[in-house]
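A note on names: the letters A, B, ... follow the listed sequences, proteins ahead of strands, and every chain is numbered from 1.
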Amino acid sequence: MDPSIILSAIVLLSAVAVVALRNPIHSALNLVVAMLGLAGIYAMLGAHFLAAVQVILYAGAVVVLILFVLMLLNLKVEQASPRDLVIQGLAVVSGVSFLAVAIPSVAQRFGSFPSARDVFVAARGPEVEGTVKNIGALLYDEYLLPFEVASVLIMAALVGAVLLGKRRRDTAK
Amino acid sequence: MMTLGHYLTVATALFTIGAVGVLVRRNAIVMFMCIELMLNAVNLAFVALSKTVGNLDGQIVVFFVMVVAAAEAAVGLAIIISVFRARRSVDTSRTRELRL
Amino acid sequence: MELLILGIKVFIVFNIIMGLASFCTWFERKGSALIQDRIGANRAGAFLQTDILLLKPVFFAFRFLGVLGVINTLFCDAVKGMLKEDFVPKGTSQFMHSLAPFLAVLPIFVAFALIPFAPDFVVGGYNIRMQVATLDVGVLFILAMGSLAVYGVALAGWTGNNKYSLLGALRAAAQMISYELAMGITFVCVILMYGTLDLYEMVTAQQGGSLGVDRWGIFRQPISFIVLFIVGMAETKRGPFDLPESESELVAGYFTEYSGMKFLTFWLGEFAEIALFALLLTLLFFGGWDIPFVSLEPGSWLTALIGHAVLMGKVIFFCMLQIVIRWTLPRFRYDQLMALGWKLCLPISMANLLWCAAMRLV
């Protein structure tokens, strides 16, 4: 069996677990499993650098941050009320019906690689592998401006997060 | 042999699961995790399409989406912590001051 | 056939990891004892006698090892750990309590898959590289596994269900993710120096050199070595950075609610991480299996064996250095620790990166 099928199954099952489990820490751990599964799929698709960045960034930093916040806030498991059940039921029904319509059409439309390639503009050259060297060459040559803008964005987010997280000592409650 | 349709199907399913999660859950942090699922679904679609088309533009887009998601995670969780300090709860059904 | 070679490589690497971790455990007990002006464990197995003449040398060897404390550390501790009562604190999920040791240890063991242990050699027509997985993103993968090691620590403290464990876990996790930044930037400096991410090619690039050692990493980028050494000790929560598990203050930090085999698993993971950092330092900065002024015939299995022995000698030196530093220096206070990570190591590693990039251009 192709490893991609197993990885896709792992990703989807853990995604359902993220949504369905009551304890938020269990949800966070299942999110880690989903991220790692996706990293595996990226590696199988030849995007090696992105697989490594997915593990370092998502599984290793974003979910750790989420886990930190969960442990610091020490939340209780959420209780359900009847009004919420109606909304939740409606949401699940609409999601399932959307999937029932979307998946067959997507699978049938993009079923095979050659026909999908005809749909899109012809490739710019021979197929490039997603190695660190190739992505680095592209990132610093053609996408230099978005790269610099992204670094400014990260700095803005850093300053914002520190500022929002600080306790204000002057306004006493 | 994995086809593009397979990966796009997984991406669609993942996105829908994330969207349903945002609607179903009331805990702000779990809603945040479902938003991360949606972003990852989009990343998967981009990577699969980049492999189809043959060049690396899709993977560069994924790189930037990851960067933006990380920045959003930091600021979003800081906001959630501030809200928690103000009202001792992250239950979104209890924050109804702006509702009609 | 390829699968068989891979299986043999995995088996060999696993044995190397367990051997290095066991050596570190033994040296921790005996070395710390000698530093603290006491003798340490020397009773178990030191009194074995036999009357059978043929077995006398064997029993002598056992008595020798027993006096050195080896039997005490490797055999008695293991048996004690396996036979102790294994409990789960009330009020937490048993599954997560049992999962935490695995999560702490698994990334470290997986990171060993990227490490080359000997130069290439040719056996029966196959060119064998003693590296379990040759990935395109070598050093980045090790960084990724270091990021994943935070989960075991955080989960261990959380499932302890008491404030000491939680405090220890949060401190440890914050420390690990703070020092990962400096580690990542130092790795970028090293990648700049060698122009490749693959560890095997990094070692190959250090061989040769007119003065024997002048192509070694330590002489080309000494600041990177110093920063990586400090950051490595902080990542493994060893040495002066071991406040999260500070034995005299937080009971046992995030280990508090663990006993028996699970505790030994954490311990094993910690020593395996020491071995991993010693290996990284050796491969990146000290030439790996390179012997200065000696060039051996490439491709023969004898070269591989000698290279492996040289590598293990250097790694054991660095393991012993880390253990001796741990027992020599007093530990940092937590705010001093975080200040060191954010205000000292990070700016120094960034300045180092600028300097190395400028040196590449010149």
Query raised in the report: Heavy-atom distance under 4.5 Å to chain B: side chain of Phe49(A), backbone, both or neither?
Result: side chain
Report summary line: Max heavy-atom pairs within cutoff under 4.5 Å with chain B, candidates Phe98(A), Phe68(A), Tyr42(A), Phe147(A), goes to Tyr42(A)
Query raised in the report: Highest number of heavy-atom pairs under 4.5 Å with chain A: which of Leu77(B), Ile80(B), Leu23(B)?
Result: Leu77(B)
Report task. Heavy-atom distances under 4.5 Å only: say whether Leu12(A) touches chain B with side chain, backbone, both or neither. Result -> both
Query - Portion of Thr16(B) that has a non-hydrogen atom of chain A nearer than 4.5 angstrom - result: side chain
Query - For chain A, the option from Leu44(B), Thr12(B), Asn40(B) that forms the most heavy-atom pairs under 4.5 Å - result: Asn40(B)
Report summary line: What one should report as the nearest heavy-atom pair of Ser4(A) and Tyr7(B) is OG-OH, 3.1 Å
Report summary line: In terms of heavy-atom pairs under 4.5 Å with chain B, the winner among Leu139(A), Asn134(A), Leu57(A) is Leu139(A)
Requested in this report: Counting only heavy atoms closer than 4.5 Å, note whether Leu8(B) contacts chain A via side chain, backbone, both or neither.
Outcome: both
Query raised in the report: Of all of Ile60(B), Val75(B), Val67(B), which one pairs up most often with chain A through heavy atoms under 4.5 Å apart?
Result: Ile60(B)
Query raised in the report: So which of Ile66(A), Val92(A), Val149(A), Ile103(A) has the biggest tally of heavy-atom pairs under 4.5 Å with chain B?
Result: Ile66(A)
Query raised in the report: What part of Ala73(B) is in contact with chain A, defined as an atom under 4.5 angstrom from a non-hydrogen atom: side chain, backbone, both or neither?
Result: both
Report task. For chain B, find which of Ile154(A), Leu163(A), Ile135(A) contributes the most heavy-atom pairs closer than 4.5 angstrom. Result -> Ile135(A)
Requested in this report: Answer yes or no: is there a donor N or O on one side and an acceptor on the other, between the side chain of Ser50(B) and the main chain of Phe46(B), under 3.5 Å?
Outcome: no
**Report entry** Leu21(A), part contacting chain B, at a heavy-atom distance under 4.5 Å
**Finding:** backbone
**Report entry** 4.5 Å side-chain heavy-atom contact, Met38(B) and Ile35(B)
**Finding:** yes
Query raised in the report: How far apart are the C-alpha atoms of Leu72(A) and Phe84(B), what are their side-chain angles, what is the distance that settles it, and do they pass the side-chain contact (heavy atoms from CB on, under 4.5 Å) test?
Result: CA-CA 11 Å; Leu72(A) 281 173; Phe84(B) 179 79; over 6 Å; no
Requested in this report: Answer whether the closest heavy-atom distance between the side chains of Val16(A) and Asn30(A) falls below 4.5 Å.
Outcome: no
Query - Side chain, backbone, both or neither of Val22(B) within contact of chain A (heavy atoms, under 4.5 Å) - result: neither
Requested in this report: Pick one of side chain, backbone, both or neither for Phe15(B), based on which atoms fall under 4.5 Å of a heavy atom in chain A.
Outcome: neither
Query raised in the report: Does Leu50(A) reach the side chain of Val47(B), with side-chain heavy atoms less than 4.5 Å apart?
Result: yes
Requested in this report: Under 4.5 Å, counting heavy-atom pairs only, tell me which of Ala156(A), Ala28(A), Gly46(A), Ala61(A) racks up the most with chain B.
Outcome: Ala28(A)
Requested in this report: Check each atom of Ala9(A) against the heavy atoms of chain B and say whether the ones under 4.5 Å are side chain, backbone, both or neither.
Outcome: neither
Requested in this report: Identify the two heavy atoms, one from Arg25(B) and one from Val19(A), that lie closest to each other, and give their separation to 0.1 Å.
Outcome: NH1-O, 2.8 Å
Query - Which portion of Ile17(B) sits near chain A, non-hydrogen atoms under 4.5 angstrom - result: both
Report summary line: Interface check, chain B: of Ala47(A), Gly160(A), Ala150(A), most non-hydrogen pairs under 4.5 Å belong to Ala47(A)
Query - Glu36(B) side chain near Phe32(B) side chain, heavy-atom distance below 4.5 Å - result: yes
Requested in this report: Decide yes or no for Met33(B) and Leu37(B): does some side-chain heavy atom of the first lie under 4.5 Å from some side-chain heavy atom of the second?
Outcome: no
Query - Structural part of Ala102(A) lying under 4.5 Å from a heavy atom of chain B - result: side chain
Query raised in the report: Can you say whether the rings of Tyr143(A) and Phe64(B) are parallel (under 30°), tilted (30 to 60°) or perpendicular (over 60°)?
Result: tilted
Requested in this report: Report yes if the side chains of Val32(A) and Leu67(A) come closer than 4.5 Å at any heavy-atom pair, otherwise no.
Outcome: no
Query raised in the report: Quick one: does Asn55(B)'s side chain get under 4.5 Å of Leu138(A)'s, heavy atoms only?
Result: no
